[in-house]
Every structure is written in structure tokens, then in C-alpha cells.
Amino acid sequence: MESGPEGSLVTSVAVLGAGITGVTTAYKLALRGFEVTVFDRQPYAAMETSFANGGQLSASNAEVWNSPATFLKGLKWMLRKDAPLLVHPTPTWHKLSWMLEFVAAARHYRENTIRTAQLAIAAREHLLGMAEAEGFDFDCEKRGILHVYESKSEFEHAQEVSRLYAEAGLERRELAADEIAAVEPNVHGRFHGGFFTPSDFTGDIHKYTRGLAEAAKRRGVQFVHDARVERVRHGEDGVSVEWLDATDDSAAADVRRFDSVVVCAGVGSRKLAAQLGDRVNVYPVKGYSVTVNLQDEESQASAPWVSLLDDKAKIVTSRLGLGRLRIAGTAEFAGENRDIRQSRIEPLTAWCRTRFPGVSTASIVPWAGLRPMMPDMLPRVGRGRAPGVFYNTGHGHLGWTLSAITAEMISAEVAEAFAGRIRRPVAGSAAEAPAGAAAQTA
Ligand SMILES: Cc1cc2nc3c(=O)[nH]c(=O)nc-3n(C[C@H](O)[C@H](O)[C@H](O)COP(=O)(O)OP(=O)(O)OC[C@H]3O[C@@H](n4cnc5c(N)ncnc54)[C@H](O)[C@@H]3O)c2cc1C
């Protein structure tokens, strides 16, 4: 606790990680009157998993993967080279422990799917509210998300999942094969049927995170980039963060003390949590994307505007303005490996040419990222063992969809833990604050 303006007390919080979870957390904490410092090893915000993901803000993709049907599919896929799932055979204790917990979580499939859908619905007003209040663009397209199914059995499974979504309050429309073209006329294929969720939407996670980071700076948040956090320690006087300059191997470590810390470090969270005495079993589940540059009129006219999830290929698309189409998919269990493998990129490009033959794939930007995934597929949002230690991490395949609400939740929890001790006048008035994030001083 330090002296702030007019001799008031300021509660300092370190946020570890400047991906979508760290930046939304920092922003929400700043609105609540905390003095926030964000650390990241990268030179800018959103350079790791929050860089080029599938773009979907999708309550309709909230089904957790912990189900016997998915396990069976996974086993079949292990025999196919171009399958959407790949498990690298080298065993590690981390992978094994994660897999065992993943299978054990199947008993919570139902409630975890409903809970995830509820969080995704609740996130929408926060995500849109922050962008609106701060006035930045992120290529948002509010045109719904269309799921397409080639097989009857997958379609019937989707009907069951829809019933769970309905319990969570999500409405989606069942489509016969001949109704799909009315929703997205550009998609080619022989489908058994589809589901359309009009309330889902899409946007560019990188643009959003960068836009919000700039807004957070205007509200007093400090960003320390190129800062590789090596050690976090909890002591009697709070939390100390020790970091190295990622651009200078010869530089000595810097250390700073804070009243509190929120770990939002994506796939780096497990290691940092262990230093704080907590087990946060995040595994890096690798995925790939290609961003197709729609350079000619025919490509622009032939690419979809409605976002898709093709169930068979497990591929998603998002239209990012007139000139870009993002296509993403695959889940690879290969540890913390960020290599972009051509054999995983080719199926994404081939899929584009099959489903959207008029789109030229002459100019594509490939990318690979690591989903920070918990075994039960629910993010870890809450307190650690030691006082002043918090987590908002492990959002897996839905970090873009869920982070706005989990940031709201964790900032409320930090505020509760420090109730009566935040004294700093809030940057920006409560009237300016976006939905659900009304500024508070205790
Ligand atoms: C192919 C693919 C497609 C996806 N599609 C979607 C989608 O359509 N919809 C959706 O909702 N989600 C999607 N996701 C998931 C979503 O992108 C992630 O859940 C989200 O980006 C994770 O954000 P994060 O902030 O937790 O992690 P990150 O964005 O990785 O941020 C963590 C930050 O912590 C920093 N860091 C880590 N360790 C340290 C350290 N020791 N010191 C300093 N800094 C550190 C890193 O540099 C990084 O910037 C997809 C993911 C992938 C890979």
C-alpha cells in the first residue's frame, strides 16, 4: 500500500501477461481504482495466443470436449495424419496428468457445458461495452455463427448439445440442409443440416487487445514489455515480481513489490502458479490459423460474412472486414512448441478452396498458437492459496469469448479482498465506465 494523490492509499496490483485475459483484467482493475502494472515478455500486447485466433465470440461453441464421444473420435483421429487432433506420442508427466484429469472431468460434462455457455453469454455486454466506451474498432461482425454438419450422427449430437445450450439461455436455430444457403450463400458442400446462432459474433482479438491496452494506458495502467517474469514470491508485505529484460541477456534482474498479483500468463501460468504455491494445470494445446488476404473482387464476393464452424473438419472462420478471412482449427498436444508445420497449414487452405472455390488462397498468412487449457476446460478464475494472489487464466479454446466476463469476475474478487483499502480516485467517471464495470471505490 503506497501513498497516492492527496495522500490517499493506493492498492497496487501486478498483472502477469498482456494477452486478452491480462489486458481485460488490467482494464477492469483500473476502473475499480487499483494501481495496475502489466508485465509481458513480448514487446507489445497480444503477441502470443491472442494474436491470430479463430475470431469467434461463440457461446455456441461452449460444449466442453470431455465426453466419451470426443474421446472415441480422438482415438480414431490418432490414426490419421491430417486429423483435426494430434497427440504427440512422447509421454511427459505434465501431458499424462493433464489427460487423466481431462478424462475424469467427463463426469461434469453437462454442468461444465452449461456453465461455459452462461459465461459466454454474460461476456458479450462487457466485451462490446469496453470497445464502445473506448471507441476502438476490432472488425466486429454481428452476423451470427453457423454450424454445418455433413453427417446425421453429428447433427443429432448437436441437437442434444442445443438442449444444454437452451438451459443456459442460448437460442439457436436448427436448419435443414436446404436452409443453409439462406444464412450463408457462399458455402459449398453436401450438408445434412446446420444450426444458426444469431446472437454470436466475431472480431479480431489482436486489434481488440491492442485497442483496450491503449485505453488502459489512458486510464493509468503501466505496461512493462520485454519483461520475462522469472520469479513471483509471496511474502508478508505482499508479492514481489522479479523480471529480466528479454532483449538484454546481460542485464541484472529487476524486482518490484505489489500488494497483489493476478496471473494471466496463458501457457506460462502453470510455472508462475507453482512459485506461488498453487497448482494450475494448464496444458498448451496447439492450434493453427491462416489469414487469407482477399485481394480481388471475386475473392471478396466469394468469402463468407457469416462465421462458420464446420463440424467434420473442426474448422472455424471469421470475416475480418472486406479484405481478410481467418480460418482456424486443429488441436495438437505437443508441449510448448510453436513451430508452424506446413502439414497442418495445408488442410486449412485446402478446406478454404473446397468450401469457398471463388476465394483465391494465393496470399495467406499462417500462424500457430497455444491454447492455455485446463483439464476440465473451465478457466481458473479466483484466489490462490496465499492472500493477495489471484488467477484469471486457462481459458483454452474460448479465451476470446470468455475473457471479458472473467476479467469482470476477478476484478470484483480483488476489490472484495481489498475492500476498505482502495482510496485512489477512479480514472474516468462511473458514467463513462462500460457495461457491468461501474467504477467502485471502497
Ligand atoms: C488456433 C486457435 C484458434 C482459436 N480460436 C478461438 C476462437 O475462435 N474463439 C475464442 O474464444 N478463442 C479462441 N482461441 C483461444 C484464445 O485465443 C485463447 O484462449 C486466448 O487468446 C488466451 O489468452 P491469454 O491471455 O490467456 O493468453 P495469451 O494471449 O498467450 O497471453 C499470455 C501472455 O502472457 C505472457 N507471458 C507468459 N509467461 C510469461 C512470463 N513468464 N513473463 C512475462 N510474460 C509472460 C505471454 O507473453 C503472453 O503475452 C483460439 C486459440 C487458437 C490457438
Side-chain angles (χ1 to χ4, degrees), residues 14-26 38-62 84 116 119-120 123 127 145 200-206 208-209 213 223-232 241-246 262-273 275 282 284-290 307-309 314-318 326-332 336 338 340 344 348 366-374 377 379-380 391-404 406-407:
V15 172
L16 308 185
I20 187 68
T21 58
V23 171
T24 48
T25 299
V38 181
F39 291 90
D40 201 290
R41 59 191 170 196
Q42 299 293 343
Y44 321 102
M47 294 307 287
E48 294 206 358
T49 315
S50 305
F51 187 77
N53 76 357
Q56 292 193 327
L57 293 146
S58 50
S60 61
N61 196 16
T116 308
L119 286 173
L127 184 115
I145 293 182
D200 274 341
F201 55 109
T202 56
D204 184 333
I205 186 173
H206 182 75
Y208 185 98
T209 312
F223 282 78
V224 185
H225 279 291
D226 292 317
R228 212 165 52 221
V229 176
E230 293 288 307
R231 230 175 304 281
V232 211
V241 176
E242 185 181 324
W243 74 95
L244 288 170
D245 183 341
V262 187
V263 179
C264 304
V267 296
S269 298
R270 180 171 174 263
K271 197 170 146 200
L272 296 170
Q275 296 176 9
V282 163
V285 180
K286 189 174 178 180
Y288 291 83
S289 76
V290 293
S307 173
L308 261 93
L309 190 153
K314 301 288 177 215
I315 284 176
V316 303
T317 67
S318 290
R326 176 75 45 78
I327 301 174
T330 43
E332 216 176 280
E336 214 170 318
R338 293 179 172 82
I340 300 176
R344 310 303 287 173
L348 298 177
W367 173 79
L370 302 173
R371 302 174 183 93
M373 202 170 277
M374 296 294 289
M377 305 206 54
R380 172 82 188 269
Y391 295 92
N392 181 21
T393 191
H395 294 59
H397 73 308
L398 280 184
W400 177 216
T401 302
L402 301 178
S403 55
T406 62

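For the single chain, residues carry numbers from 1 onward in sequence order. Each ligand, and each atom within it, is numbered from 1 in the order the structure gives.
Any N or O atom pair closer than 3.5 Å counts here, and S58 shares no such pair with ligand 1. Any N or O atom pair closer than 3.5 Å counts here, and G268 shares no such pair with ligand 1. The shortest N/O to N/O separation between G396 and ligand 1 falls below 3.5 Å. By the 3.5 Å distance cut-off applied to N or O atoms, R41 is counted among the residues near ligand 1. Ligand 1 has no nitrogen or oxygen under 3.5 angstrom from a nitrogen or oxygen of Y288. Checked by distance only, ligand 1 and D40 come closer than 3.5 Å through their nitrogen or oxygen atoms. At least one N or O atom of T401, backbone or side chain, sits closer than 3.5 Å to an N or O atom of ligand 1.
Of all atoms in ligand 1, numbered sequentially from 1 with element shown, those under 4.0 Å from a heavy atom of R228 are 42 (N). Residue-ligand proximity, G369 to ligand 1, at heavy-atom distances under 4.0 Å covers atoms 53 (C). Numbered from 1 in the order shown, with element, the atoms of ligand 1 that lie under 4.0 Å from a heavy atom of G266 read 26 (O), 27 (O), 32 (C).
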Quick one: side chains of residues 393-402, donor-acceptor pairs under 3.5 Å with protein atoms, not counting sequence neighbours, listed by atom name and distance.
{"from": "T393", "atom 1": "OG1", "to": "S269", "atom 2": "OG", "distance (Å)": "2.8"}
{"from": "H395", "atom 1": "NE2", "to": "N392", "atom 2": "OD1", "distance (Å)": "3.3"}
{"from": "H395", "atom 1": "NE2", "to": "T406", "atom 2": "OG1", "distance (Å)": "2.8"}
{"from": "H397", "atom 1": "NE2", "to": "N61", "atom 2": "O", "distance (Å)": "3.2"}
{"from": "W400", "atom 1": "NE1", "to": "G55", "atom 2": "O", "distance (Å)": "3.1"}
{"from": "W400", "atom 1": "NE1", "to": "G203", "atom 2": "O", "distance (Å)": "3.2"}
{"from": "T401", "atom 1": "OG1", "to": "Q56", "atom 2": "O", "distance (Å)": "3.1"}
{"from": "T401", "atom 1": "OG1", "to": "S58", "atom 2": "N", "distance (Å)": "3.1"}

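Ligand 1 is approached by G55 to a heavy-atom distance shorter than 4.0 Å. Taking 4.0 Å as the cut-off, Q42 counts as a neighbour of ligand 1 on heavy-atom distance. Proximity of I205 to ligand 1 is established by a heavy-atom distance of less than 4.0 Å.
Contacts between A46 and ligand 1, counted as non-hydrogen atom pairs separated by less than 4.0 Å, are absent for every part of the residue.
In this structure, the protein non-hydrogen atom closest to atom 21 (O) of ligand 1 is S50 OG, 2.9 Å.
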